[in-house]
Number of protein chains: 2
Amino acid sequence: MKEGPDIAQIGALIGDPARANMLAALTGGRALTATELAGVGGITVQTASTHLAKLEAGGLLTQRKQGRHRYFTLADEAVARLIESMMGFAAGRGHLRHRPGPKEPALRKARICYDHLAGDYGVRMLDSLIASGSIDAVGDGLALTEKGEGDLKCIGIDVGDLRSSRRPLCRSCLDWSERRAHLAGSLGKALLSSFLDKGWARRTAESRSIMFSPEGDRQFLMLFPVEA
Amino acid sequence: MKEGPDIAQIGALIGDPARANMLAALTGGRALTATELAGVGGITVQTASTHLAKLEAGGLLTQRKQGRHRYFTLADEAVARLIESMMGFAAGRGHLRHRPGPKEPALRKARICYDHLAGDYGVRMLDSLIASGSIDAVGDGLALTEKGEGDLKCIGIDVGDLRSSRRPLCRSCLDWSERRAHLAGSLGKALLSSFLDKGWARRTAESRSIMFSPEGDRQFLMLFPVEA
DNA sequence: TTCATAGTTCGATCGTAACCGAAGCATCGC
DNA sequence: GCGATGCTTCGGTTACGATCGAACTATGAA
């Protein structure tokens, strides 16, 4: 007994519905204010404030003061990975929310996972990159090939810049809706950024879903084909 | 709000200290009775019984009746991975137990992680296998090489048998004590089994730690050298 | 059969934590 | 300065769940 690290603390932090909703919302990658988080948690701001203080004390969140707002974000990528992995686990066990809202289909199609693309489109993109020989898949691991590096340059992504960061270039992330891997890491982030920059897609206001424009949709599907 | 799977449920399940202790104990891989689990949780059998019922209802545990005993195990490997990943996360954040008991050093040296070797020795083994070219590491992924397959046959492990299972052969598992990867998957299991069969090491009674015999220790370190 | 052991179910207690109203700071715009 | 907005702190209520004693069921041993 009393072996190893204390998982009960973080379990309890995630175990409250209001806090879990806030964390899930923050997995969307953008910083949210206390009031916004109170909204997603379905509680008053006072209550949200105490929850946020606990999450921060537990090392899951960081806050940044800006004027009279306080913007909260996940402490780091490890938190995002933990939340996503728990979502994957929960989805696999059928622990779904009671009423899957109307947003659910949009979420399944394309959503943001901390800073990269997830959902059907995320999985499709990785599949296509592997099929075209741009990325090597070994076990759970992913590695960019020379061909891939060239292809990416063609669509305006300089891999050299990405390598300079300490963060791994390619990382596979299990998708809770598709139950298959999609591309995370700095390359995953760069790809999503480029889609947003190009105007192919945009983030929605308070949801994690990503809306593709008709033209962006066409371009995306052409760029990342899947064999019939 | 109300997007995606419900992580609060499993968070809450893990969030109780008594339940967390039971789950951690079961990550040791062997089936434990309700009374034993009450012991590791530091609670009475009545309380343990209700906890175990909740964990089972939540899909984290399965029980098997045998005579008048009920043996509990983790539902599957995914649960073990979740618990281990939470331990890794908690350890990285300094969420350690209040009093690291005397067993802690033994756990850090060598322990069982569901069914494979973890701790210092687990990490050493994987490092050595990679250095010798038996295993290829690409990103987070691991793949057995032809050389590795031959080497393993020499120490009595037939990889062909392992491939027949649906379970992946090599999988990397993040070590909470070392914060580095060790070898999981069916190969990780087979290797640990062979050490136990050979009498190099034995599992301890109620702990996850693995005790190497002096001779086993010598053999292990010789088989898996690390460059100075 | 009777007794012992393993476990669950019931009932009641108790503590903690979630919750919100109200008050208190801090910052912005005027 | 003033009021408005964003957020935190305080105080008190409430509800849920962890806990255990006691009673009950089931299996095994004598």
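Numbers restart at 1 for each chain; the letters A, B, ... are given by sequence-line order, proteins then strands.
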Engineer: To the nearest angstrom, how far is A:Y71 atom OH from D:dG6 atom P?
Structural biologist: 10 Å
Engineer: In whole Å, what is the span from the CG atom of B:L37 to the C1' atom of D:dA18?
Structural biologist: 17 Å
Engineer: If you pin A:K65 and A:A18 to their nearest nucleotides in DNA chain C, which one's is more 5'?
Structural biologist: A:A18
Engineer: Identify, between B:A53 and A:Q46, the residue whose nearest nucleotide on DNA chain C lies closer to the 5' end.
Structural biologist: B:A53
Engineer: Using whole Å, what does the distance between atom C1' of nucleotide D:dT25 and atom NE2 of B:H69 come to?
Structural biologist: 16 Å
Engineer: In terms of side-chain heavy atoms of B:T50, which of C:dT9, D:dA18, D:dT8 is nearest?
Structural biologist: C:dT9
Engineer: Given A:D115, which partner from the list A:R171, A:R167, A:R30, A:R203 fulfils the salt bridge (charged side-chain N to carboxylate O under 4.0 Å, His left out) test?
Structural biologist: A:R167
Engineer: In whole angstroms, how far is the P atom of D:dA18 from the NE2 atom of B:H51?
Structural biologist: 5 Å
Engineer: Find the distance B:L13:CG to D:dA18:C1' and express it as a whole number of Å.
Structural biologist: 14 Å
Engineer: So do the side chains of A:L126 and A:L142 get within less than 4.5 Å of each other, counting heavy atoms only?
Structural biologist: yes
Engineer: Tell me whether the OP1 or OP2 atom of C:dC20 has a side-chain N or O from A:T44 closer than 4.0 Å.
Structural biologist: yes
Engineer: Rounded to whole Å, please give me the gap between CD in A:Q63 and C1' in D:dG6.
Structural biologist: 12 Å
Engineer: Centre-to-centre under 6.0 Å for A:F212 and A:Y121, is that the case here?
Structural biologist: yes
Engineer: Given atom CZ of A:R68 and atom P of C:dC30, what is their separation to the nearest angstrom?
Structural biologist: 10 Å
Engineer: Is the phosphate of C:dC19 approached by A:T47 (side-chain N or O, under 4.0 Å from OP1 or OP2)?
Structural biologist: no
Engineer: Over how many whole Å does the gap from A:I43 atom CD1 to C:dA17 atom C1' extend?
Structural biologist: 13 Å
Engineer: Which pair of non-hydrogen atoms, one from B:W176 and one from B:A91, has the smallest distance, and what is that distance?
Structural biologist: O-CB, 3.5 Å
